[in-house]
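Since the structure comes first, as C-alpha cells, the remarks are kept for the end.
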Amino acid sequence: MATDTADHQYDPQEQHAFPDERLNEVLPALIEHPEVVAYLDAQNVNAVTRKGYNDHGSKHIEIVRNRALRLYDLLKAGGVEFNGASQQGLDEADEPVIVALAATLHDVGHVVHRDEHAYYSIPLAADFLDHFLDRFYETPEKVRVKAEVLHAILCHHTEETPLTREAGVIRVADALDMERGRSRIPYEEGGRGINTLSSQAIRKVSLQPGNGTPVLVEIEMINAAGVYQVDNLLKDKLRESMIEDDVRIVAVNTKSDDDLVERIEL
C-alpha cells in the first residue's frame, strides 16, 4: 500500500486489501462518463457561485473519492468487516464499487439547490445508475448495488444515520476534504464565512495505518480557526458512522503562537 499524501490518488496498479478487479473496470467508465463530467461542473453553480460555499465540484469529488477508497482500504487492511454489500447478497468486490459510485455522485443534488441537497441527489443518482450499471451487472445485482449507493449518498448528510460501513466511509471522507484548497474559490472572491476561514486554516490531511486502530487521520492546522472543521464538522460526521471506533483523528496546530489550541484528538 502506497504512503498517503495530501493528494493521494487511487492507483489500480497498487496492492489493495480488497478485491479490486471490478472497481478497476467500473471506475474509468464512471470518471469519464459525459453525464458525470457535466454534473460535477454544474453542481458548483448553486454551491459556490450563488451561495458562496466551499467547492463542491469536480475537485471536491476527486478528493472525497480518493480519500473514501483510501479509508476503505485501510479499514479492510485492519480487519474491519463491511456489511452493506454482504447483507444484500453481493460480492466483496462490490464494496469498493459502492464506495466509488457514492463518493462520485453524493453531491449531484446541488444542481437543484444547495439546501437539503442530499435528498435531491437521490433521484438524480438513481436515474444515472439505472443506465450506467447495465454495463456491469444483471438486473438483480444492479438493483442491490443501486440501493446501497443511494443509502450511502443519503447518509453523507449528518441528519441521516448510516446503516452500513460503506455509507460511513462516504460520510467521513466527505468531511476529510477540509484543506485550504477547498475554500480557494470563495476565499479569492471575498468569502469570509466560517467554512471558508476554517478551511484556510487546514494545511494538510493524511490517512495512515493507526497504532491501535486501523486508521490514523493526521490533520495539520496553521491557526486555531481549523478547530471548527475538526471539532464541529468532522466530529459530527464521525459520530454514528459505524467506523468511529476504527478511526483515530489527531489535529495539531503547528503554529501555536496564537495560544488558543495546540492539539485535538477524536
Side-chain angles (χ1 to χ4, degrees), residues 1-11 14-20 23 63-87 92-93 95-96 98-100 102-103 152 155-156 158 161-179 198-199 201-224 226-256 260-266:
M1 194 177 300
T3 300
D4 189 48
T5 64
D7 58 353
H8 178 85
Q9 300 287 313
Y10 173 78
D11 185 350
E14 288 181 7
Q15 294 294 316
H16 299 111
F18 57 87
D20 59 7
L23 173 65
I63 291 170
V64 171
R65 183 174 57 241
N66 283 318
R67 290 198 169 144
L69 290 171
R70 172 68 168 163
L71 181 57
Y72 169 73
D73 199 8
L74 289 169
L75 290 166
K76 294 288 284 187
V80 176
E81 293 187 5
F82 281 70
N83 65 306
S86 63
Q87 289 173 342
E92 183 183 7
E95 293 172 359
I98 291 166
V99 169
C155 293
H156 91 273
T158 52
T161 301
L163 303 178
T164 71
R165 289 188 175 85
E166 288 93 330
V169 163
I170 300 303
R171 182 186 183 94
V172 174
D174 184 41
L176 289 176
D177 181 18
M178 58 169 60
E179 289 147 323
S198 58
S199 291
I202 304 294
R203 181 179 177 187
K204 182 179 179 181
V205 176
S206 177
L207 282 72
Q208 304 290 348
N211 182 11
T213 58
V215 182
L216 171 64
V217 178
E218 295 181 319
I219 301 169
E220 181 184 348
M221 301 183 293
I222 59 172
N223 69 62
V227 171
Y228 178 80
Q229 290 285 328
V230 178
D231 203 35
N232 289 72
L233 304 183
L234 180 53
K235 186 176 181 178
D236 283 348
K237 294 271 190 172
L238 187 62
R239 184 185 298 116
E240 296 185 347
S241 65
M242 295 188 69
I243 60 172
E244 60 266 33
D245 294 333
D246 303 308
V247 178
R248 178 177 172 232
I249 296 170
V250 177
V252 178
N253 184 359
T254 58
K255 294 188 177 181
S256 57
L260 293 177
V261 64
E262 294 187 5
R263 183 182 179 94
I264 298 174
E265 289 199 35
L266 301 179

* What residues, two or more places apart in sequence or in another chain, satisfy side-chain hydrogen bond (donor to acceptor under 3.5 Å, both in side chains) together with Arg165? -> none
* CD on Glu240 to OG1 on Thr158, rounded to 0.5 Å -> 11.0 Å
* Closest contact, heavy atoms only, Ala68 versus Val99 -> CB-CG1, 3.7 Å
* Asked: Which heavy-atom pair separates Arg67 from Asp177 by the least distance, and what is that distance?
  -> NH1-CA, 4.0 Å
* Asked: Going through the distances and angles, do Asp73 and Leu69 end up as a side chain to side chain contact (heavy atoms under 4.5 Å, CB included)?
  -> CA-CA 6 Å; Asp73 199 8; Leu69 290 171; over 6 Å; no
* Answer yes when Glu95 and Lys76 have at least one side-chain N-carboxylate O distance shorter than 4.0 Å, and no when they do not. => yes
* Asked: Out of curiosity, Arg70 CZ to Leu176 CG, how far, rounded to the nearest 0.5 Å?
  -> 12.0 Å
* How far does CZ of Arg171 sit from NZ of Lys237, to the nearest 0.5 angstrom? -> 6.5 Å
* Determine whether Ile243 and Leu71 make a side-chain contact, defined as any pair of heavy atoms from C-beta on separated by less than 4.5 Å. => yes
* Asked: Quick one: CG on Asp20 to CD on Glu14, what's the gap to the nearest 0.5 Å?
  -> 10.0 Å
* N-O pairing of Asp236 and Arg239 below 4.0 Å -> yes
* Structure fact -> When every non-hydrogen atom of Ala77 is compared with those of Ala17, the smallest separation belongs to N-CB, 3.5 Å
* To do: Check Asp174 against His156 and note the closest heavy-atom contact, atom names and distance.
  => OD2-CD2, 3.5 Å
* CD on Glu166 to OG on Ser86, rounded to 0.5 Å -> 7.0 Å
* Could you grab the distance from atom CG of Asp246 to atom OG of Ser241, nearest 0.5 Å is fine? => 8.5 Å
* Are Arg248 and Val250 close enough, and set up right, to give a side chain to side chain contact (heavy atoms under 4.5 Å, CB included), and what steps lead you there? -> CA-CA 7 Å; Arg248 178 177 172 232; Val250 177; 3.8 Å; yes
* side chain to side chain contact (heavy atoms under 4.5 Å, CB included) assessment of Val205 paired with Glu218 -> CA-CA 6 Å; Val205 176; Glu218 295 181 319; over 6 Å; no
* Checking ring pair (Phe, Tyr, Trp, His ring centres under 6.0 Å) for the pair Tyr72/Phe82: CA distance, chi angles, key distance, verdict? -> CA-CA 9 Å; Tyr72 169 73; Phe82 281 70; 4.9 Å; yes
* Structure fact -> Test side-chain contact (heavy atoms from CB on, under 4.5 Å), reference Pro209, set Leu216, Leu74, Val215, output is Leu74
* To do: List the atom of Ala152, the atom of Ala102, and the distance in Å for their closest heavy-atom pair.
  => CB-CB, 3.6 Å
* Structure fact -> Tightest non-hydrogen contact, residues Gly168 and Pro162, listed as N-CB, 4.0 Å
* Asked: Can Ile249 and Ile219 be said to form a side chain to side chain contact (heavy atoms under 4.5 Å, CB included), step by step?
  -> CA-CA 8 Å; Ile249 296 170; Ile219 301 169; 3.8 Å; yes
